[in-house]
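The next block holds one structure in the form of structure tokens; read it before the comments.
Note: hydrogens, waters and symmetry copies are ignored here, and every other heavy atom, side chains too, is used. First the proteins, then the strands, lettered A, B, ... as listed; each starts at 1.
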Amino acid sequence: MALQVTNRLTRQKEEFVPLVDGQVRMYVCGPTVYDHAHIGHAKTYISFDVIARYLRYKGYQVRYVQNITDVGHLLDTGEDRILKKAGALSVEPMEVVEAYARSYFEDMDALGVQRPDISPRASGHVPEQIEITQVLIAGGHAYATPDGDVYFDVNSWPEYGKLSGRRMEDLQSEREIAGSEKRNQADFALWRHAEPEHLMQWNSPWGKGFPGWHIECTAMATKYLGETFDIHGGGLENQFPHNECEIAQSEAWTGKPFANYWLLTGSLTINGEKMSKSLGNFITIKEALGILPLPEERRDLVDVVRPEALRTFILANHYSSPLDYSREALQGAARGWERLIGAAGLARFKAQSAPQGDAAAGFQTVLDEQRARFEAAMDDDFNTPVALSVLHDFTREVNSLLNSDEQIGSIILEKISAFYDELGRGILGIIPSDLTEMGGAPERLDGVVNLLITMRAEARAEKNFAQADQIRDRLAEIGIVLEDRPDGTVYKLA
RNA sequence: GGCGGCAUAGCCAAGUGGCAAGGCAGCGGUCUGCAAAACCGUUAUUCACCGGUUCGAAUCCGGUUGCCGCCUCCA
């Protein structure tokens with residue numbers, strides 16, 4: 001079935017047709033590495049992680065490029081984010097970049113986000129950015145000021161605003177900046193001159209300076225994906241001005257379309273409010289996963305959950321929709337996720353002692369039907385909420401089968417496991433690869449718990465329920481939950 | 001003020017013309033020594049509000065209200 005995607009550029013749902021048959025080239029705006037990543041980053045990058053995973057599942061050869069911004073991204077005070085942080089910590093700017101780039105990848109790894117194929121850094125592509133800027137000046141799309149700044153001339157590009165729906169008249173009616181060397185308020189910097197004390201600067205035809213924020217994406221996307229590529233992704237809050245500027249400068253430079261499909265993720269809010277440090281409702285990924293402690297004043301904001309549960313919460317909403325983070329909503333998603341892994345784990349448990357053969361072969365119909373529904377959902381603009389509901393429907397069927405008296409052969413049990421493995425783990429990334437080691441239970445712990453389970457079984461056989469319950473209750477207190485099944489007792493780590 | 005988007009049960013959420021998916025919470029039941037888990041049943045005559053188009057609208061059109069994002073840095 002054909003994949004449909006909602007293209008923000010055309011504002012329509014379209015059939016996805018890559019430039020080169022069988023290949024997908026995708027660029028996603030990455031983080032500026034001046035602080036730990038937060039759960040808004042998690043929403044964006046988990047969304048594109050699933051998109052990349054699904055494209056590969058469909059058989060496409062995907063090249064996924066996601067940049068690291070480490071220079072030129074200024075605060076509204078005009079300070080460079082990286083330099084400001086370096087000054088505060090009294091370290092080299094590149095130490096800040098290195099520390100937070102590592103932190104970012106740690107977080108993405110913890111969330112099960114597969115690494116992009118290329119993670120280029122802006123500071124490593126300054127010559128490319130200078131070259132593009134020169135061509136834009138030569139083509140009459142940019143101009144240098146006496147100070148050594150270079151601005152893109154939006155008046156030279158009538159299509160400026162086509163992604164975000166802004167019109168030039170609206171932009172020009174905005175306030176004027178006193179003393180600005182820009183010809184037009186909407187003009188944006190391609191290059192900025194640096195004062196001698198500025199720590200990150202490079203030689204250029206316009207003197208010492210550093211690249212503007214937007215031009216890096218043009219340089220790195222086209223370098224690794226070509227002048228025109230398939231998918232450009234990012235967060236909706238960067239649609240204007242960042243994405244708009246990217247399109248203008250890229251297309252003015254090459255004379256060709258930049259990206260064919262624009263996929264933008266909806267923003268994340270917390271309890272209905274924008275997440276920001278000033279509001280005190282900022283949650284980093286490390287805090288959400290319990291890797292770093294949450295300060296007292298934000299402790300009632302968040303419940304620490306497993307990464308797969310956080311992914312489930314994010315994927316229970318469509319990538320393009322806004323998502324409001326609340327404890328209640330997160331807990332609801334986490335509970336639903338537990339149901340899924342309960343069934344997936346039970347299937348693996350049963351497979352260990354299943355009779356050979358194809359008993360219960362009739363279940364093949366369910367496997368086929370639910371996989372088709374899952375794929376149909378994902379083909380429809382990566383509709384993960386529906387894909388998740390398919391997993392739930394499938395899980396009801398699985399639970400009914402596994403809890404029935406019916407003989408189930410190893411073939412069907414392995415197919416059930418493969419279903420969870422390919423769709424739940426491989427595409428959505430919410431089913432852990434080794435359920436018996438959920439929460440990191442090492443083999444010795446496994447042995448100890450099994451010993452206690454045996455002792456409890458003996459107590460139960462002697463109708464010594466007081467002792468049996470004591471074993472179960474005290475294990476529950478330390479987070480080990482026992483469940484009695486007709487075919488034996490299993491345990492889960494809470 | 002301008003641009004973009006959203007409004008579906010207690011909570012989350014899918015659904016763009018033909019009787020309102022799924023999850024969480026709740027309630028009733030089955031199973032269990034008791035639990036837990038699981039399964040079965042149940043929970044929106046109704047989709048912010050008011051008009052219109054249509055045999056038929058949550059879905060299309062017009063208007064109203066509320067909320068969010070962006071317009072200045074943010075994924």
Side-chain angles (χ1 to χ4, degrees), chain A residues 8 11 13 28-32 34-35 37-48 66 69 73-79 81 161 163-167 169-171 173-175 177 186 213 233-242 244 264-269 272-277 312-313 316-318 320-324 326-340 342-343 346 373 377 380 383-393 395-404 460 463-465 468-469 472-473 476 481-486 489-490 492:
Chain A
R8 300 292 297 213
R11 289 149 215 274
K13 197 180 274 188
V28 174
C29 288
T32 302
Y34 68 107
D35 204 346
H38 52 67
I39 57 175
H41 291 107
K43 169 167 161 51
T44 296
Y45 299 123
I46 286 171
S47 296
F48 285 108
Q66 186 191 299
T69 297
H73 197 171
L74 308 185
L75 292 158
D76 49 10
T77 57
E79 293 171 279
R81 291 157 190 277
L163 177 69
S164 58
R166 280 171 168 75
R167 295 185 301 267
E169 308 88 82
D170 302 328
L171 297 168
S173 65
E174 286 171 13
R175 67 182 194 283
I177 287 186
W213 174 39
L236 186 60
E237 63 290 314
N238 270 338
Q239 184 185 36
F240 187 91
H242 181 64
E244 201 69 76
L264 301 179
T265 54
S267 301
L268 181 133
T269 52
E273 289 182 305
K274 176 180 173 169
M275 181 168 64
S276 74
K277 288 189 173 167
T312 304
F313 169 63
N317 291 259
H318 190 78
S320 66
S321 299
L323 168 62
D324 188 46
S326 66
R327 294 178 78 162
E328 193 179 8
L330 177 67
Q331 282 306 323
R335 292 252 86 95
W337 168 75
E338 284 171 12
R339 181 167 169 270
L340 297 179
L346 186 55
R373 288 181 64 213
D380 182 13
N383 196 330
T384 56
V386 171
L388 221 35
S389 79
V390 172
L391 238 38
H392 276 290
D393 288 338
T395 292
R396 187 180 317 110
E397 303 276 6
V398 168
N399 276 326
S400 291
L401 177 71
L402 298 188
N403 289 296
S404 70
R460 290 176 74 207
K463 302 267 190 233
N464 185 352
F465 295 120
D469 288 352
R472 183 177 59 191
D473 293 345
V481 180
L482 300 189
E483 290 178 15
D484 294 334
R485 303 188 45 77
T489 299
V490 296
K492 288 199 304 197

Need one value for [X]: base, sugar-phosphate or nothing, where a base atom within 4.0 Å counts as base even if backbone is also close, heavy atoms only.
X: A:Thr32; answer: sugar-phosphate
X: A:Ala316; answer: sugar-phosphate
X: A:Gly234; answer: sugar-phosphate
X: A:Lys274; answer: base
X: A:Asn383; answer: sugar-phosphate
X: A:Arg327; answer: nothing
X: A:Leu388; answer: nothing
X: A:Asp484; answer: base
X: A:Thr265; answer: nothing
X: A:His318; answer: sugar-phosphate
X: A:Arg485; answer: nothing

Next item on the list: Would you check if A:Phe240 stacks with the base of B:G4, given a 5.5 Å centroid limit and a 30° plane limit, both strict?
Entry: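 Not stacked by the 5.5 Å and 30° rule.
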
Check: Is a side-chain donor or acceptor of A:Asn383 paired with a backbone partner of A:Val386 at a separation under 3.5 angstrom?
Finding: yes

Next item on the list: Taking A:Arg396 for its side chain and A:Leu391 for its backbone only, find out whether a donor-acceptor pair lies under 3.5 Å.
Entry: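 It does not hold such a pair.
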
Item checked: Nearest-Å distance once atom C1' is located in both B:G26 and B:G69 ->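 Taking atom C1' in both B:G26 and B:G69, they lie 35 Å apart.
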
Any side-chain N or O of [X] under 4.0 Å from OP1/OP2 of [N]?
X: A:Arg460; N: B:A35; answer: no
X: A:Asn238; N: B:A75; answer: no
X: A:His41; N: B:A75; answer: yes
X: A:Lys13; N: B:U16; answer: no
X: A:Arg472; N: B:C34; answer: no

Item checked: CA sep, side-chain torsions, deciding dist, call: A:Ser267, A:Glu237, side-chain hydrogen bond (donor to acceptor under 3.5 Å, both in side chains) -> CA-CA 7 Å; A:Ser267 301; A:Glu237 63 290 314; 2.9 Å; yes

Check: Starting at the 5' end of RNA chain B, which residue's closest nucleotide do you reach first, A:Pro241 or A:Gly30?
Finding: A:Pro241

Checklist line | 5' precedence on RNA chain B between A:Phe313 and A:Leu482 (nearest-nucleotide basis) | finding: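 The residue mapped nearer the 5' terminus is A:Phe313.
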
Item checked: Complement of B:U72, any strand, by Watson-Crick or G-U distances under 3.5 angstrom ->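 Partner of B:U72: none found under 3.5 Å.
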
Notebook entry, point to check: Relative to each other, are the rings of A:Tyr45 and A:His41 parallel, tilted or perpendicular (30° and 60° limits)?
Noted result: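 Ring orientation, 0 to 90° scale: parallel.
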
Notebook entry, point to check: So, does the side chain of A:Arg166 form a donor-acceptor pair with the base of B:C70 at under 3.5 Å?
Noted result: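 Pair found.
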
